[in-house]
Amino acid sequence: QSYIKDIVIEMYFDDIDKTYQLCLGKEKCIVKTDNFTPYDTRIETTFDLWLQMSGGKVNGAEAMMKKRYKVLGDFNTMLKMDDYFGTKKSITKIEPRQKRTSMSILLFQWITIWVLLPINQIWSGIAGVIICSVVPLLTYKFKLIIYDKITIVAVSALSVFALLGINSTLLICLSYLIFGLMWVLSCTTKTPLTAYYSSNNYNGDESLTNPLFIKTNKILTIAWGVLYLIIAFYSYFLMESILSKYTGLINSFAPVLMGLFTAWFAKWYPAKIARG
């Protein structure tokens with residue numbers, strides 16, 4: 001495979017007090033036992049543990065969380081080890097091709113009523129019903145998980161209530177409340193909501209068995225859920241103010257900041273655990 005730059009992975013086996021470097025170039029890998037160059041990533045472990053992890057006898061992520069080994073430097077290198085050494089299973093052997101999840105499908109349904117409901121209940125109700133009825137058709141390309149299906153039911157019900165003339169302030173607050181609770185309560189299950197979607201970028205379904213990946217996503221899922229529960233609370237006051245028509249727009253600022261935090265935390269937390 002081709003890489004933008006050479007990658008230097010340093011291995012230190014503390015039980016035998018030996019250090020090796022793997023210098024990954026565009027076309028070859030050079031092993032060094034001396035004359036070392038500055039590393040990108042350094043792995044400190046015992047030789048026996050590394051053999052067990054390489055042979056699949058020990059879960060690498062679980063061993064990391066138990067602080068059985070350390071990773072210093074660029075943690076992203078660890079995430080790409082399968083790509084570098086060609087151990088990842090070829091997707092050509094998977095038939096039919098695995099469908100990907102899409103958080104955009106889940107969010108678009110909610111955003112529709114959050115934006116339109118404060119402006120016009122009738123149009124919001126109509127748009128919500130139409131969009132929710134179209135979502136199942138997307139299964140030809142995307143994998144719908146339980147939270148996509150819960151969203152279809154919840155947004156459809158809220159849209160019908162809007163068409164029936166139920167108080168828009170109540171519906172807006174209820175929508176954010178349901179959304180927040182869905183995120184928080186998903187953390188009581190084995191797999192938190194965000195993990196189903198972020199797994200697309202981390203080896204697909206295989207990442208759902210990675211304890212570090214799951215823990216990272218649980219923390220982020222709870223954070224997002226709490227944020228929307230807070231939004232549900234102050235949306236009442238927004239809807240009762242002269243800014244009511246702009247409630248959807250105003251409520252979009254906090255998620256933007258949380259999105260920046262999520263991007264940072266998803267990289268920082270695993271690296272922090274890896275450093276021991």
Side-chain angles (χ1 to χ4, degrees), residues 1-94 98 100 191-192 194-195 197-220 261-276:
Q1 298 189 30
S2 298
Y3 304 103
I4 297 176
K5 60 182 286 293
D6 291 351
I7 302 294
V8 178
I9 302 174
E10 186 168 290
M11 306 285 302
Y12 173 62
F13 300 115
D14 52 23
D15 57 337
I16 59 175
D17 193 26
K18 293 288 186 180
T19 301
Y20 303 92
Q21 281 193 342
L22 303 176
C23 302
L24 307 180
K26 293 182 179 181
E27 298 179 353
K28 60 182 179 179
C29 174
I30 299 175
V31 179
K32 289 186 176 182
T33 58
D34 53 24
N35 297 321
F36 297 134
T37 56
Y39 63 79
D40 293 287
T41 302
R42 175 182 167 95
I43 302 170
E44 298 181 354
T45 182
T46 64
F47 185 69
D48 180 62
L49 177 59
W50 189 255
L51 286 179
Q52 292 183 59
M53 290 191 295
S54 300
K57 297 179 180 180
V58 172
N59 184 295
E62 186 175 343
M64 181 187 297
M65 292 192 66
K66 292 180 179 179
K67 303 186 184 302
R68 297 182 64 186
Y69 70 96
K70 296 180 180 180
V71 179
L72 307 176
D74 185 5
F75 184 73
N76 285 330
T77 303
M78 289 293 293
L79 302 178
K80 299 176 182 178
M81 291 288 269
D82 285 340
D83 293 329
Y84 294 149
F85 297 105
T87 58
K88 186 179 294 185
K89 295 179 181 179
S90 173
I91 60 174
T92 58
K93 295 181 180 180
I94 302 177
Q98 291 183 344
R100 294 167 62 89
T191 307
T194 56
Y197 302 102
S198 58
S199 63
N200 291 324
N201 301 318
Y202 296 96
N203 297 328
D205 290 344
E206 291 182 15
S207 62
L208 300 181
T209 61
N210 184 320
L212 179 57
F213 176 78
I214 293 298
K215 185 175 181 180
T216 302
N217 275 274
K218 279 196 174 184
I219 294 172
L220 288 172
F261 169 77
T262 297
W264 169 79
F265 186 84
K267 294 180 179 179
W268 172 81
Y269 183 71
K272 175 181 178 297
I273 295 297
R275 288 193 297 268

* Structure fact -> On a heavy-atom basis, the closest approach of Ala195 and Thr191 is CB-CG2, 3.7 Å

* Without swapping roles, check the side chain of Thr194 against the backbone of Asn217 for a donor-acceptor pair under 3.5 Å. => yes

* Asked: Counting only heavy atoms not in Phe47, do more than 12 fall under 6.0 Å of its CZ?
  -> no

* To do: Compare every heavy atom of Thr216 with every heavy atom of Pro270, then report the nearest pair and how far apart it is.
  => CG-OG1, 3.9 Å

* Answer yes or no: are there more than 12 heavy-atom neighbours, outside Lys32 itself, under 6.0 Å from its atom NZ? => yes

* Structure fact -> Between the CZ atom in Phe36 and the OG1 atom in Thr19, the distance rounded to the nearest 0.5 Å is 5.5 Å

* Asked: For Tyr20, which residues count as a side chain to side chain donor-acceptor pair (under 3.5 Å) partner, sequence neighbours excluded?
  -> none

* **Taking every non-hydrogen atom, the tightest pair across Cys23 and Thr37** => SG-OG1, 4.5 Å

* **Non-hydrogen side-chain atoms of Leu72 and Tyr39 separated by less than 4.5 Å** => yes

* To do: Mind telling me whether Phe261 and Trp264 have parallel, tilted or perpendicular rings, with 30° and 60° as the class edges?
  => tilted

For residues 54-64, which side-chain N or O atoms pair as donor and acceptor with protein atoms under 3.5 Å away, sequence neighbours left out?
unit_1, atom_1, unit_2, atom_2, d
Ser54, OG, Trp50, O, 2.8
Asn59, OD1, Ala61, N, 3.0
Asn59, OD1, Glu62, N, 2.9
Glu62, OE2, Lys66, NZ, 3.3

* Structure fact -> The reported gap from CD1 in Ile273 to NZ in Lys67 (rounded to nearest 0.5 angstrom) is 5.0 Å

* To do: Check whether any side-chain heavy atom of Thr46 lies under 4.5 Å from a side-chain heavy atom of Asp14, and answer yes or no.
  => yes

* OH/Tyr69 to CG/Leu49 distance, rounded to the nearest 0.5 angstrom? -> 8.0 Å

* Asked: To the nearest 0.5 Å, how far apart are NZ in Lys267 and OG1 in Thr262?
  -> 12.5 Å

* At their closest point, which heavy atom of Ser199 faces which heavy atom of Leu208, and how far apart are they? -> CB-CD2, 4.1 Å

* Do Thr41 side-chain atoms and Ile9 backbone N/O form a donor-acceptor pair below 3.5 Å? -> no

* To do: Rounded to the nearest 0.5 Å, what's the gap from CE on Met53 to CG on Leu51? Could you check?
  => 9.5 Å

* For Ser198 and Phe213, work out which heavy atoms get closest and say how close. => OG-CZ, 3.3 Å

* Ile43: which of Lys70, Met11, Glu10 passes side chain to side chain contact (heavy atoms under 4.5 Å, CB included) -> Met11

* Separation between CZ of Arg42 and CZ of Arg275, rounded to the nearest 0.5 Å -> 15.0 Å

* Quick one: does Phe13's side chain get under 4.5 Å of Thr45's, heavy atoms only? -> yes

